[in-house]
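What follows is a single structure, written as structure tokens, with notes after it.
Here is how names work: the chains are called A, B, and so on, in the same order as the sequence lines, proteins then strands, and each is numbered from 1.
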Amino acid sequence: MSDTNHTYVKSRKRSLDGVLGRGLLRVAVAKLSMARLTYRGALLLCHCNTLLRKDIMKTKDFVNIGVFTAIYYVIVFATGMLGLINPIMMFVGFIIGLIVNAATIALFKSRTPKVGALFIMGILIGALTVLTGHPWTTVVACAITGLAADLIMDRGRLQKPIVFSLGYAVLSLWYIGPWLPVLINADAYYQMISAQMGKEYADKMLWFLSPLPIAIWAAIVFVVAFAAGFFGHSLLRRHFQKAGVAK
Amino acid sequence: MSRAREQTPPIEQYTILGAQTATSLFSAERPDPRTVLLALAIINFLSVSRLGITVVMLSTGVTLVALALIRAWKAALGVLIMQSLWVFFILGLPRLWANGFTAFLATTSFWFLQLTGAGAIALYAIRRIQPGELVAGLRQLRFPRAIVTPLTVLLRFIPIVISEYRDISEAMSLRGLSMGWQAWAHPLRYLEFVMVPLLMSCSRLADEMTAAAMVRGLGSPRRPTTVRHLQVRPIDVAWWLVLAALVGGAIGLKHYGLNLENVLR
């Protein structure tokens, strides 16, 4: 009895040393050829896999990303079209879009709670906005905010409305993307105005070219989206979780 | 629609040559979707860069020629009128009538000029790219499955979302729930009426679509075969040369300081 126990401990020690000591290469080789795995090494790898497997995307997740990106984008585009009436309505439309899409993202995230879902969604939304005539800065903004929101809306804490709202507010910050060219081009704008109107006037206009208006717009977006997050989460709880389409 | 009319060969040819040849005939003059994406990226980047108004005008010129070649006259005319208007606001108006308002107008017009430049090439891309070809092209470029599969679903799903919304608003008016202008007084209530059925039916559709798509092999690691053979055509080479000239010209203009603002000053 004691003899078997002894060998068991010994083999466990050896295999652990083998896996951990020789590092990732050994793990990769071991993963490739299942026959070479020792019993304990296999258990260890299985444990790693169960940790990773939660966040490996399957076809179902990809379809969900596609479907909800379509809904999100149609809403962004439709509400942005209010800007055709006049430029002030454009901002009203953006804010309506922010409120509506809270429900979309709430349902999406509860159906696909994997890290990376919002990142892919962000890239796709950025690509679509560029395809419909927005500057390339939007893609960068979308990808960054999507990844940040993914990390905030952790699977374990997603049930809390405040976590969801915070993540949604961060995700929505991509709305400043189309305005970023003003920052990139600030000195070109400044030169243009000062050539036409004189330096004094250009200095007065400098406010419009500073990061401040964009920061104000970002703050408005953040606050509205944060409040809308609670609305979206309550819709999720009251309707979708009850009906069983969301977890 | 007009594109279909120009390029569709007679019916007899369709039946004789078979589906594959018919498709290739149908799209003989169309550049590879990857070329269009490259053009979109380069012209968008040049338009929204710090290179100044001359580069925006040059890239808009290229876009206008491209739009004219596909006989999108309306779009080309619209872009031309808008861009001339912005250029007039930037360069012309402040000279004729200099005050604070025209200077402000000039600044905002510069922004709009850049946006219209980016929008014009997007118009061209939307006219030229077919969803199926785009997906096949991205697969050939070894784009990851995580991007291509959602994109396939997305392009298919956008019209579905719109038609679902129409159905819901019809159903709402049948039940006397359409609120008209009163929706502005109770926006959250109205949004709930619209969004809950929309999201509900879309998530049900998503589940069905997953099952149907997996049966057809969507999301499998193997690359599917395509009906149209994507390859380099003369029009692709022409596009590459034009784009290279555009980038070279933009860099050259920047280097020698040849800008329209400087020349006029």
>> Please determine whether the number of non-hydrogen atoms from other residues, nucleotides or ligands lying under 6.0 Å from atom CZ of A:Phe231 exceeds 12.
In response: yes
> Do you know which of B:Met214, B:Arg204, B:Glu192 has the most heavy-atom pairs with chain A at a distance under 4.5 angstrom?
Replying inline: B:Glu192
>> Taking side chain as everything from C-beta outward and backbone as N, CA, C, O, which of these in A:Ala243 sits under 4.5 Å from a heavy atom of chain B? Side chain, backbone, both or neither.
In response: side chain
> Quick one: CG on B:Leu155 to CG on A:Leu128, what's the gap to the nearest 0.5 Å?
Replying inline: 7.0 Å
> What part of A:Phe68 gets closer than 4.5 Å to chain B, counting heavy atoms only: side chain, backbone, both or neither?
Replying inline: side chain
> CD1 of A:Ile65 to OG1 of B:Thr149: how many Å apart, nearest 0.5 Å?
Replying inline: 9.0 Å
>> Please classify the contact of B:Met200 with chain A as side chain, backbone, both or neither, using a heavy-atom distance under 4.5 Å.
In response: both
>> Assess the residue pair A:His239 and B:Leu199 against the criterion (side chain to side chain contact (heavy atoms under 4.5 Å, CB included)); give the C-alpha distance rounded to whole Å, side-chain angles, the decisive distance to 0.1 Å, and a yes or no.
In response: CA-CA 10 Å; A:His239 297 285; B:Leu199 288 176; over 6 Å; no
>> Minimum heavy-atom separation for B:Phe157 and A:Ala70, please, with both atom names.
In response: CB-CB, 3.9 Å
>> Counting heavy-atom pairs under 4.5 Å with chain A, which one of B:Gly117, B:Ala41, B:Ala146 comes out on top?
In response: B:Ala146
> Do you know which of B:Leu154, B:Val153, B:Asp207, B:Leu205 makes side chain to side chain contact (heavy atoms under 4.5 Å, CB included) with A:Val63?
Replying inline: B:Val153
>> With a 4.5 angstrom heavy-atom cut-off, is it the side chain or the backbone of B:Leu188 that approaches chain A, or both, or neither?
In response: both
>> For a quick test of reading the model, state the closest non-hydrogen atom pair linking B:Met195 to A:Phe240 and the distance between them.
In response: O-CZ, 4.4 Å
> If you round to the nearest 0.5 Å, how far is CG of B:Leu151 from CD1 of A:Ile123?
Replying inline: 11.5 Å
> What part of B:Ile158 gets closer than 4.5 Å to chain A, counting heavy atoms only: side chain, backbone, both or neither?
Replying inline: both
>> How about CZ on A:Arg238, more than 12 heavy atoms from neighbouring residues, nucleotides or ligands closer than 6.0 Å, or not?
In response: yes
> How close do A:Leu107 and B:Ser203 get, heavy atom to heavy atom, and via which atoms?
Replying inline: CD2-OG, 3.8 Å
> Side chain, backbone, both or neither: which part of A:Ile71 has an atom under 4.5 Å from a heavy atom of chain B?
Replying inline: both
> Taking all atoms of both residues into account, what is the closest heavy-atom pair of B:Thr210 and A:Lys60, and its distance?
Replying inline: CG2-CA, 3.5 Å
>> Under 4.5 Å from any heavy atom of chain B, what part of A:Val100 do you find: side chain, backbone, both or neither?
In response: both
>> Restricting to non-hydrogen atoms, name the atom on A:Val67 and the atom on B:Ala206 that form the minimum distance, rounded to 0.1 Å.
In response: CG2-CB, 3.8 Å
> What closest approach, in Å, do B:Pro150 and A:Ile120 show between heavy atoms, and which atom pair accounts for it?
Replying inline: CG-CG2, 4.2 Å
